[in-house]
Structures are given as C-alpha cells and as structure tokens.
Amino acid sequence: KKDDACVGLARKYINDLALLRSLNRKHPEGSLILVSNDADTLEVSNKYVIDIIKEFDNNSFVPYIDALAGKEDFPIEAYIRVPLLLVSTRLTQFSDTVWRHKPDTPIDFRGAKLIGRNSAVRATTYAIIGGYNPRRVVREDLEIGRKIINLRRDEVTIKYSPLCKLTSDP
C-alpha cells in the first residue's frame, strides 16, 4: 500500500531478497556481506568493494566485526558553495571520533555509527537481528547499528574504516 512505503521497508525488502538469493550460491566463499549505499552517492574509491572485503576478512576472528561504517564526505564544490557545511561535517566527524574512543561513553553511543549511505553488515548478523524495521520512516540505519551493539553488548563489533570512503550529494 502506498501509505506504508518507507525507507525501512525498502532497505528490509532489498536486503532480505539478497539473503534469499544467496541461498542459491553454488560455491560460496567467505561471508556474504550486505553493502548499503544511498542513491545520491557520487563517487566511491576504485577499491571500495575490495577494501570492504579486506576489512571483514582481516577481522573475522578476534576482534570479530559484524558491521563496517565507512568514511563519507561531500564534494569540494558543495563546501565552497556552503562553507558552513564543511564546518558542520568536520565537527560531526570529530565528535564521532571522540565518542568512538572515549572509554566512559555509554554503550549505546560507543563504536562506529552505521549510516545507510556507507555501511556493510555480515549477512549472518543481519539475519540474527531480524534486519531492518519495515515500519521505520527515518534512522533505520542507526537502529540496525544499535541492534548489533545490543546483540553483542560490545561496540567494537562495528568498525569504522576510513579506507572505505565515498562522496555523496549533500
């Protein structure tokens, strides 16, 4: 129904379908990783997918990671047009870095935040937590990150990777 359509439902449908289709893989190698980007992505690094796979492969035992939050930025032209955007973006990135590493931060705020425009989740973890909330209108990406942290009670299972970066339209 048109009134029921929302971003949570769209992300859930797409990721659940990818999980279902993965059951038909003839010779699966390694973990299935579900990557999330927004439609306004302008540019990704040449090794974007390779870097994501490497991050998961390098952290498949101890410390194990369930999800990856990549670096995101906006085009230089946008910062020139709106200098305050540069200030607010860098301030947000700085505060996220502080919260990620501050030892007395409450568990719900620690670790990297999953942002739908640039994140990846192990399919097994996605299935265990039940995936995206289909009724979620906004912040479905942040909610899935909290579900992972609550599952493990450990914020380090969501890793921030500056290697996995993209540029999107503000």
Side-chain angles (χ1 to χ4, degrees), residues 6-20 22 28 30-41 44-45 48-74 88-168 170:
C6 62
V7 70
L9 180 63
R11 286 199 193 273
K12 181 158 185 65
Y13 180 79
I14 290 167
N15 284 279
D16 287 2
L17 185 60
L19 273 180
L20 182 63
S22 75
S31 297
L32 175 64
I33 308 298
L34 301 170
V35 178
S36 176
N37 299 133
D38 282 354
D40 61 357
T41 298
V44 297
S45 67
Y48 182 75
V49 173
I50 291 167
D51 287 337
I52 289 173
I53 292 168
K54 280 183 183 175
E55 288 285 7
F56 278 97
D57 285 350
N58 292 339
N59 294 278
S60 58
F61 299 106
V62 177
Y64 180 87
I65 64 167
D66 288 297
L68 182 73
K71 182 178 181 182
E72 48 200 56
D73 218 334
F74 301 117
S88 68
T89 300
R90 295 301 181 254
L91 213 70
T92 300
Q93 290 169 338
F94 174 75
S95 67
D96 284 349
T97 301
V98 169
W99 281 109
R100 254 194 327 271
H101 299 290
K102 195 167 181 278
D104 59 343
T105 301
I107 189 115
D108 287 343
F109 295 101
R110 279 187 262 165
K113 288 189 193 108
L114 284 188
I115 303 294
R117 80 169 61 107
N118 189 12
S119 63
V121 178
R122 284 185 198 276
T124 51
T125 303
Y126 176 86
I128 290 168
I129 62 172
Y132 288 99
N133 178 347
R135 293 180 300 281
R136 194 75 183 189
V137 178
V138 295
R139 298 183 180 252
E140 78 295 339
D141 45 1
L142 296 174
E143 181 183 54
I144 204 165
R146 281 193 305 275
K147 286 166 112 178
I148 292 169
I149 289 172
N150 289 331
L151 169 73
R152 304 286 187 210
R153 297 308 297 166
D154 186 355
E155 74 282 353
V156 298
T157 64
I158 299 177
K159 181 182 179 186
Y160 170 76
S161 174
L163 296 176
C164 306
K165 66 183 213 172
L166 63 73
T167 304
S168 67

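Given the structure is predicted, the values throughout are model-derived calculations rather than measurements.
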Counting only heavy atoms not in Arg90, do more than 12 sit closer than 6.0 Å to its CZ atom?
-> yes
By side chain to side chain donor-acceptor pair (under 3.5 Å) - contacts of Thr167 (at least two apart) | none
Asp51 meets the salt bridge (Lys or Arg N to Asp or Glu O under 4.0 Å) criterion, sequence neighbours left out, with none
Lys165: side chain to side chain contact (heavy atoms under 4.5 Å, CB included) partners, not counting sequence neighbours | Lys71
In chain order, what residues pass the salt bridge (Lys or Arg N to Asp or Glu O under 4.0 Å) check against Arg117, with sequence neighbours excluded?
-> Glu72
Counterpart residues, side chain to side chain donor-acceptor pair (under 3.5 Å), relative to Ser36 (two or more places apart) = Arg11
Look up atom NZ in Lys159 and atom CD1 in Ile65, then write down how far apart they are to the nearest 0.5 Å.
-> 6.0 Å
Applying side chain to side chain contact (heavy atoms under 4.5 Å, CB included), name anything that partners Thr124, two or more places apart in sequence or on another chain.
-> Tyr64, Arg122
Gap between atom CD1 of Ile14 and atom OH of Tyr132 - 0.5 Å precision | 9.5 Å
Which heavy atom of Glu55 sits nearest a heavy atom of Ser161, and at what distance?
-> OE2-OG, 2.8 Å
If you look only at pairs with a residue in residues 134-153, which of them pass as a ring-ring contact (aromatic ring centres under 6.0 Å, His included), with sequence neighbours excluded?
-> none
Contacts of type side chain to side chain contact (heavy atoms under 4.5 Å, CB included), residue Ala18, not counting sequence neighbours | Leu34
Any idea which heavy atoms bring Ile148 and Ala67 closest together, and the distance?
-> CD1-CB, 3.9 Å
Supply the atom-to-atom distance Leu32 CG to Leu19 CG, rounded to the nearest 0.5 angstrom.
-> 6.5 Å
Distance from Leu151 atom CG to Asp66 atom CG, nearest 0.5 Å?
-> 6.5 Å
Looking at residues at least two apart in the chain, or sitting in another chain, which of them share a salt bridge (Lys or Arg N to Asp or Glu O under 4.0 Å) with Lys12?
-> Asp16
Heavy-atom pair of closest approach, residues Leu163 and Ser45 = O-OG, 4.2 Å
Mind checking what makes side chain to side chain contact (heavy atoms under 4.5 Å, CB included) contact with Val35, not counting sequence neighbours?
-> Ile33, Asn37, Tyr48, Ile52, Ala120
Going by heavy atoms in the side chains, are Cys164 and Leu68 under 4.5 Å from each other?
-> yes
